[in-house]
Amino acid sequence: MTSSPAAQPTTAAPATPSRRRWLTLAIVGIAQLMVVLDATVVNIALPSAQADLGFSDGDRQWVVTAYSLAFGSLLLLGGRLSDLFGRKRTFIAGLIGFAAASALGGAAPDFGVLVAARALQGVFGALLAPTALAVLTTTFTIPRERARAFGVFGAIAGAGGAVGLLLGGFLTESLDWRWNLYINVVFAIVAIIGTLLFVGRVESDGPRPRLDLPGTVLVSAGLFGVVYGFANAETEGWDSPLSWIPLASAAVLLTAFVFWQRRTEHPLLPLVILTDRNRAAAYLSILIAGASMFGIFLFVTYFLQATLGFSPIQTGLAFLPMVAMLVLAAQLSTNLLFPRLGAKVMVPLGMLLGTAGMLLLTRLTVDSVYVGDVLPGLILLGLAMGSIMPASMQTATLGVDRHFAGVASAMVNTSQQVGGSIGTALLNTIAATATTAYLTDHVADGPGALGPAAVAGYTTAFTWGAAFFAGGALLAALLFRRRARGSLTPNATAEHPSEPVVAA
């Protein structure tokens, strides 16, 4: 049962071009920003929330972990639901659910309610994030317009974490930690109104395939094990059963998922999406970039606040030059460089810029200053992410039949989320080991060794981040084809390149 109508759909004729597609881009951008910045905006609020609700340091990680567990494990299901039930309908449901969960978290009277709200945010975020990208993918099919749209979307995806740091610092210092959650309600209301007014709807053509329930259970449990295992490795260590048992179980479950997808009539994730060489290279590049950049936000934030004494708002402002360079690079790469050079050049180039930026950060000491020592590395890293993310996102969704745009888009988010989980766990472990080793070697310095020891941990993590980027550059250069191509199936008819379709 390896061949079926569900596995090899005929591409529908394109719908009437949307005259409001640029408004659609703005709406999708708001939703994407809401989801991406939520990964960091809450981190800034955690100390204040802990003081207000009275939970322990050990419990504090669950405010972050509850979101990442639900989000990371349900992304593929969320993407497939948007394929089955329509993108506009699913998009609105995700916005409403995310807003409601955010309001619940903002009003949380105790720790349990806050964690439950964060988990619900993750559930609806997993519905919203892939649907937003699928809306973009099926709305913009004219190559020039698609490049511009993905340039904006890729910039938001790459810069959202830094924007979250800035917004989180402002809201926490100027208002209250709860506004780090309430702010999502404002974003969601704007996006819901815009969706109802400006985003068109196209009825699905042909019979609706069934949802692959066994595949959903296997992949959701497997991704849960990946995120949970790496999250525990960060706090409990790699030798803890809470770390290696979930990771080992995840390997078994994900292997079983692949075998099941090859047999079932209605696969959750048609494997031909992953076997396209360019698309697989794009997903891998997003995973590597995500693993490296989560470490950037984490350890640069630690350095700025703990070593240089920056306030939360100052920390957010310190990331703005990186954001500006990211936006600039995203626009240049998608509108000028990517159409001429392709992913085979742009992604390795971005990875090499990331390597250089990380290496600059390895020179930090307790006597370093922001402008001369931190800023140059951040600028290069902004240029790196602006080159990597839009090119990878375009390639990852290029040529996918609209029936599977949601699940293909979900793989983009899954790659970034899993990469972030892996990178955070690995780099935290590496940094902690380096810090401990420094303290052991400088016992005679007493308390005076604490600051240099922490910086030694950060710079060691940056060294490994540079290695991630360098490895990513090599893999991208080897795996990407010279010309982006590919359709979901060998006999699928590509959508007419000159007529954009309105997202269903």
Side-chain angles (χ1 to χ4, degrees), residues 14-38 79 82 86-92 94-95 98 125 127-160 163 184 186-202 286 323-324 326-336 338-339 385-386 389-400 402 405-406 408-410 412-413 416 495-504:
T16 303
S18 169
R19 297 178 180 177
R20 298 174 173 175
R21 53 190 177 277
W22 295 109
L23 291 173
T24 298
L25 173 61
I27 295 161
V28 167
I30 291 172
Q32 175 70 5
L33 179 63
M34 182 174 67
V35 173
V36 174
L37 67 80
D38 206 68
S82 77
R87 314 226 199 282
K88 181 174 181 177
R89 186 183 299 115
T90 309
F91 190 62
I92 292 174
L95 287 168
F98 200 90
L127 189 66
L128 183 59
T131 306
L133 184 54
V135 168
L136 198 70
T137 299
T138 54
T139 299
F140 291 91
T141 56
I142 298 174
R144 186 180 297 275
E145 292 187 352
R146 179 184 172 90
R148 293 174 183 171
F150 272 84
V152 173
F153 194 86
I156 292 172
V163 174
N184 290 323
V186 178
F187 286 139
I189 289 174
V190 173
I192 290 169
I193 294 173
T195 303
L196 292 172
L197 292 177
F198 303 123
V199 178
R201 180 175 179 271
V202 174
I286 292 169
V323 174
L326 194 156
V327 172
L328 174 63
Q331 295 308 307
L332 286 176
S333 65
T334 53
N335 293 306
L336 181 63
F338 179 72
M385 293 304 291
M389 294 303 290
S392 297
M393 285 183 170
Q394 284 196 68
T395 306
T397 55
L398 184 65
V400 177
R402 73 166 70 190
S409 300
V412 172
N413 299 100
Q416 191 172 19
E495 292 183 344
H496 195 287
S498 63
E499 296 186 34
V501 296
V502 182

Euclidean distance, [Y] [atom2] relative to [X] [atom1], rounded to 0.5 Å:
X: Thr24; Y: Lys88; atom1: OG1; atom2: NZ; value: 9.0 Å
X: Phe91; Y: Thr195; atom1: CZ; atom2: OG1; value: 4.5 Å
X: Ile27; Y: Leu196; atom1: CD1; atom2: CG; value: 9.0 Å
X: Ser333; Y: Met385; atom1: OG; atom2: CE; value: 11.5 Å
X: Ser392; Y: Gln416; atom1: OG; atom2: CD; value: 10.5 Å

Please name the pair of heavy atoms, one in [X] and one in [Y], separated by the smallest distance, quoted to 0.1 Å.
X: Ala188; Y: Leu95; result: CB-O, 3.8 Å
X: Gly79; Y: Pro130; result: N-CG, 3.6 Å
X: Leu23; Y: Phe198; result: CD1-CD2, 3.6 Å

(request) Might you work through the side-chain contact (heavy atoms from CB on, under 4.5 Å) test for Leu127 and Phe98, ending with a clear yes or no? (result) CA-CA 9 Å; Leu127 189 66; Phe98 200 90; over 6 Å; no
For [X], which residues count as a side-chain contact (heavy atoms from CB on, under 4.5 Å) partner, sequence neighbours excluded?
X: Leu336; answer: Arg340
X: Leu332; answer: Leu328
X: Ile30; answer: Phe187, Val190, Ala191

(message) Is there a side-chain contact (heavy atoms from CB on, under 4.5 Å) between Leu128 and Met34? Walk through the geometry before answering.
(response) CA-CA 10 Å; Leu128 183 59; Met34 182 174 67; 3.5 Å; yes
(message) Main chain of Thr131, side chain of Arg87: is a donor-acceptor contact present, judged purely on distance under 3.5 Å?
(response) no
